[in-house]
J.: 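Sharing a structure below in structure tokens format, with a few things to ask.
Note that the structure is a prediction, hence the values are computed from the model and not measured. Labels below follow one simple rule: chain letters A, B, ... track the order of the sequence lines, proteins then strands, and each chain is numbered from 1.
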Number of protein chains: 2
Amino acid sequence: MGAEGLAERFGKHARLTASEQAALDRFEEQQRSYRRGAVVIREQENARELFVVRSGWLHSSVVLGNGSRQITRFHFPGDLVGLPLLAFPDSPETVTAVTDIVLHPFGRERVGALIAEHPRLGALLLSLAVADRVAFADRIASLGRTPARTRVAALLCEIYMRMRGLGTAEGGPIPLPLTQEDIGDATGLTAVHVNRMMRVLAEDRIIERRGGMFRVLDEARLCADAGFLDRSPVETGWLPPPR
Amino acid sequence: MGAEGLAERFGKHARLTASEQAALDRFEEQQRSYRRGAVVIREQENARELFVVRSGWLHSSVVLGNGSRQITRFHFPGDLVGLPLLAFPDSPETVTAVTDIVLHPFGRERVGALIAEHPRLGALLLSLAVADRVAFADRIASLGRTPARTRVAALLCEIYMRMRGLGTAEGGPIPLPLTQEDIGDATGLTAVHVNRMMRVLAEDRIIERRGGMFRVLDEARLCADAGFLDRSPVETGWLPPPR
DNA sequence: CGCACCTTTGAATGAGATCAAAGATGGTGG
DNA sequence: CCACCATCTTTGATCTCATTCAAAGGTGCG
């Protein structure tokens, strides 16, 4: 549970041929574990490896000149981490393990080889990168134009939806291994204010919190409060045929 | 001046073969003009075409449930517009002409064909999509963790840098065909507050404004105020060989 | 069991929003 | 060419949401 590989992820969007499946599996030959809190990729440092997340949560963050931190994205099993290394030799972001994690590292040039040998997977990869970009755009809108309560709701909603995509029980408890400071750094709020907003959401019986967990009591209202938009599934009609 | 095509853009990052060059040029066979203010792609509507920007400015925006608008990205000549259509059949964003523009429309499946026939260009496209993602991340950090003055400075700085990349004179005047409301929608501020911040920047002799133009008086200080990070040029070491 | 870290709550402060209204500017049609 | 009107910019006054500062509980780990 809570573990997914590249092939499973890609397979959600297109039926893979045996050879494609094999090519993706080859990205997961290596395996490496990190402890909660470990820094996997450090901002501004030269890095050559990307990773497939096998299990656990991570986040990408940026530290501003004024010392404050902004978390830009959370990563879950099946996600690709370190994509910016395909564009920049020095990482523009820090990638940190939120929980204990297991990753599959692989070299940049393997992506090039994948695209050359399996253009359809290359196209699918582009598709996923673009979907990611849309997620970033949604977050920009959330930060730029919505009040605190909405932003916190949006983050919880995103986590809820993503965990459900990985197969969490419907109304069951969801792990929330983030400190309120983390949530603040993701939503552009202070930890204090995050605390107040979470309390309000709990008082309104939209969520319930206990320990490092939360439970969604009223999915409809959470989505409404969060301004959640269900992005239709990734489009694959334009992909070239498999080779 | 101020016009650039796909081949020029790609050529900045890798030396193109004749056949690659030709393949990219073929994306610009069609041509279509729009007036300032025209909506090129409408949010939530089904769209099948992407565009290469030949000349002029555009922006992508999202309208939130509360009626407010967030501009997520500006597009300049040589940019690809409508990439989200590679992942979603219905556009998640509205694309609007900021000035009179000329675009080259093309179908989604052409991207698939390009990747299949020219994997290296596919990889480069992925690279550019990833670079875009990093730009989004930078903006998230700006919105989430910096004060108003910094955000406005960051936007002007971005425009300044991008215009320079397209060949604007060093200390010369730069067109700014945006209303203060537009700038507010991009920076997550009100038009009124944008006005105040621009005034402060002008009073501090960092920029100068006249008509629909601005001039950067003190590039170093603008960059410092904006927390500008010069992202190193797009990395191409991992690309597969040209076919 | 004790310490470090996290959560929670209260009170004061402040950055940016909102409300309001007076100038500029520019595009359009007569 | 000019007058008019819509749109945009500018400035002031007030209000509010979120921050900051401070301090008291919790929690879990070594």
Side-chain angles (χ1 to χ4, degrees), chain A residues 35-38 64 66-71 96 98-100 142-156 175-204 207-214 225, chain B residues 35-38 59 64 66-71 96-100 142-156 175-204 207-214 225:
Chain A
R35 285 289 175 69
R36 178 168 70 82
L64 287 277
N66 57 29
S68 62
R69 180 180 70 154
Q70 175 70 43
I71 293 175
T96 310
V98 172
T99 65
D100 290 350
S142 177
L143 288 174
R145 287 294 186 218
T146 77
R149 175 190 164 122
T150 303
R151 292 192 224 170
V152 172
L155 181 61
L156 295 178
L176 189 67
L178 305 170
T179 65
Q180 294 181 352
E181 178 127 24
D182 290 334
I183 298 176
D185 285 343
T187 54
L189 302 168
T190 57
V192 171
H193 207 57
V194 167
N195 181 284
R196 296 197 231 269
M197 293 305 103
M198 303 259 295
R199 183 159 65 74
V200 178
L201 289 173
E203 279 170 358
D204 289 354
I207 60 165
E208 192 176 72
R209 310 171 287 160
R210 228 176 16 261
M213 298 268 180
F214 77 106
D225 277 20
Chain B
R35 283 289 174 70
R36 180 166 69 81
H59 64 60
L64 286 279
N66 56 29
S68 62
R69 179 181 71 154
Q70 175 71 44
I71 293 176
T96 311
V98 171
T99 65
D100 289 351
S142 177
L143 288 175
R145 287 296 187 215
T146 76
R149 176 189 164 124
T150 303
R151 291 193 226 168
V152 173
L155 181 60
L156 295 177
L176 188 68
L178 306 170
T179 66
Q180 294 181 352
E181 178 127 25
D182 290 334
I183 298 175
D185 285 343
T187 55
L189 301 168
T190 57
V192 171
H193 207 58
V194 166
N195 181 283
R196 296 197 231 270
M197 293 303 105
M198 301 260 293
R199 184 160 64 74
V200 182
L201 289 173
E203 280 169 359
D204 289 354
I207 60 165
E208 193 176 71
R209 310 173 285 159
R210 230 180 9 264
M213 298 268 179
F214 77 107
D225 276 20

J.: Determine: side-chain N/O of B:N195 to OP1/OP2 of D:dT9, distance under 4.0 Å, yes or no.
T.: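 For D:dT9, OP1/OP2 do not have a side-chain N/O of B:N195 under 4.0 Å.
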J.: Can you confirm whether B:L143 sits close enough to A:Q70 that some side-chain heavy atom of one is under 4.5 Å from a side-chain heavy atom of the other?
T.: no
J.: When you match A:A191 and B:M197 each to their closest nucleotide on DNA chain C, which lands nearer the 5' end?
T.: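 Its nucleotide being nearer the 5' end, the pick is A:A191.
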J.: Once you round it to whole Å, what is the distance between P of C:dA17 and CG of B:D185?
T.: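 B:D185 atom CG is separated from C:dA17 atom P by 11 Å.
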J.: Return the value, rounded to whole Å, for the distance between atom CG of A:L189 and atom P of C:dG14.
T.: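 So the two atoms are 20 Å apart, to the nearest Å.
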J.: Can you tell me how far P of C:dA17 sits from CD of B:Q180, to the nearest Å?
T.: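 Whole-Å distance recorded here is 13 Å.
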J.: Does the side chain of B:D225 reach to within under 4.5 Å of the side chain of B:D204, using non-hydrogen atoms?
T.: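 They are not in contact (no side-chain heavy atoms under 4.5 Å apart), so the answer is no.
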J.: Quickly work out the B:N66 CG to C:dA17 C1' distance and round it to whole Å.
T.: 14 Å
J.: Looking across every strand, which nucleic acid part, if any, lies under 4.0 Å from A:G188 by heavy atom: base, sugar-phosphate, or nothing?
T.: sugar-phosphate
J.: Taking the side chain as C-beta and beyond, is there a heavy-atom pair between B:D185 and A:R145 under 4.5 Å?
T.: yes
J.: Measuring from B:E181:CD to B:I71:CD1, what's the distance to the nearest 0.5 Å?
T.: 9.0 Å
J.: Roughly how far apart are A:L155 CG and A:D182 CG, rounded to 0.5 Å?
T.: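 Atom-to-atom, A:L155:CG and A:D182:CG are 10.0 Å apart.
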J.: Is a side-chain donor or acceptor of B:R151 paired with a backbone partner of B:T146 at a separation under 3.5 angstrom?
T.: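 Pair found, side chain donor or acceptor close to backbone of B:T146.
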J.: Specify the separation, in whole Å, of atom CD of B:E203 and atom C1' of D:dT11.
T.: 12 Å
J.: Quick one: which protein N/O atoms are closer than 3.5 Å to N/O atoms of nucleotides 18-27 of chain C? Pair and distance per line, please.
T.:
residue: C:dT18; atom: O4; partner: B:R196; partner atom: NH2; Å: 3.1

J.: Quickly work out the A:M198 CE to C:dC6 P distance and round it to whole Å.
T.: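 Computing the A:M198:CE to C:dC6:P distance gives 14 Å.
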J.: If each of B:T179 and B:R199 is mapped to the nucleotide of DNA chain D with the nearest heavy atom, which maps nearer the 5' terminus, i.e. the 5' end?
T.: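 With B:T179 and B:R199 compared, the 5'-side residue is B:T179.
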J.: Got B:L156 and B:L176 here, is their nearest side-chain heavy-atom distance under 4.5 Å?
T.: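 The answer is yes, as the side chains (C-beta and beyond) meet within the 4.5 Å cut-off.
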J.: Taking all atoms of both residues into account, what is the closest heavy-atom pair of A:R209 and A:Q180, and its distance?
T.: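 Heavy-atom minimum between the residues: NH1-NE2, 4.1 Å.
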J.: Can you tell me the distance, in whole Å, between the CZ atom of A:R210 and the C1' atom of D:dG28?
T.: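 After rounding, the gap between these two atoms is 18 Å.
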J.: Can you tell me how far the OG1 atom of B:T150 sits from the CE atom of B:M197, to the nearest 0.5 Å?
T.: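 Rounded to the nearest 0.5 Å, the OG1-CE separation comes to 10.0 Å.
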J.: Mind running a 4.0 Å heavy-atom check of residues 145-153 of chain A against DNA chain C and sending the residues that fall below it, in number order?
T.: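 Listed by number, there are none.
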J.: Quickly work out the A:L201 CG to C:dT8 C1' distance and round it to whole Å.
T.: 16 Å
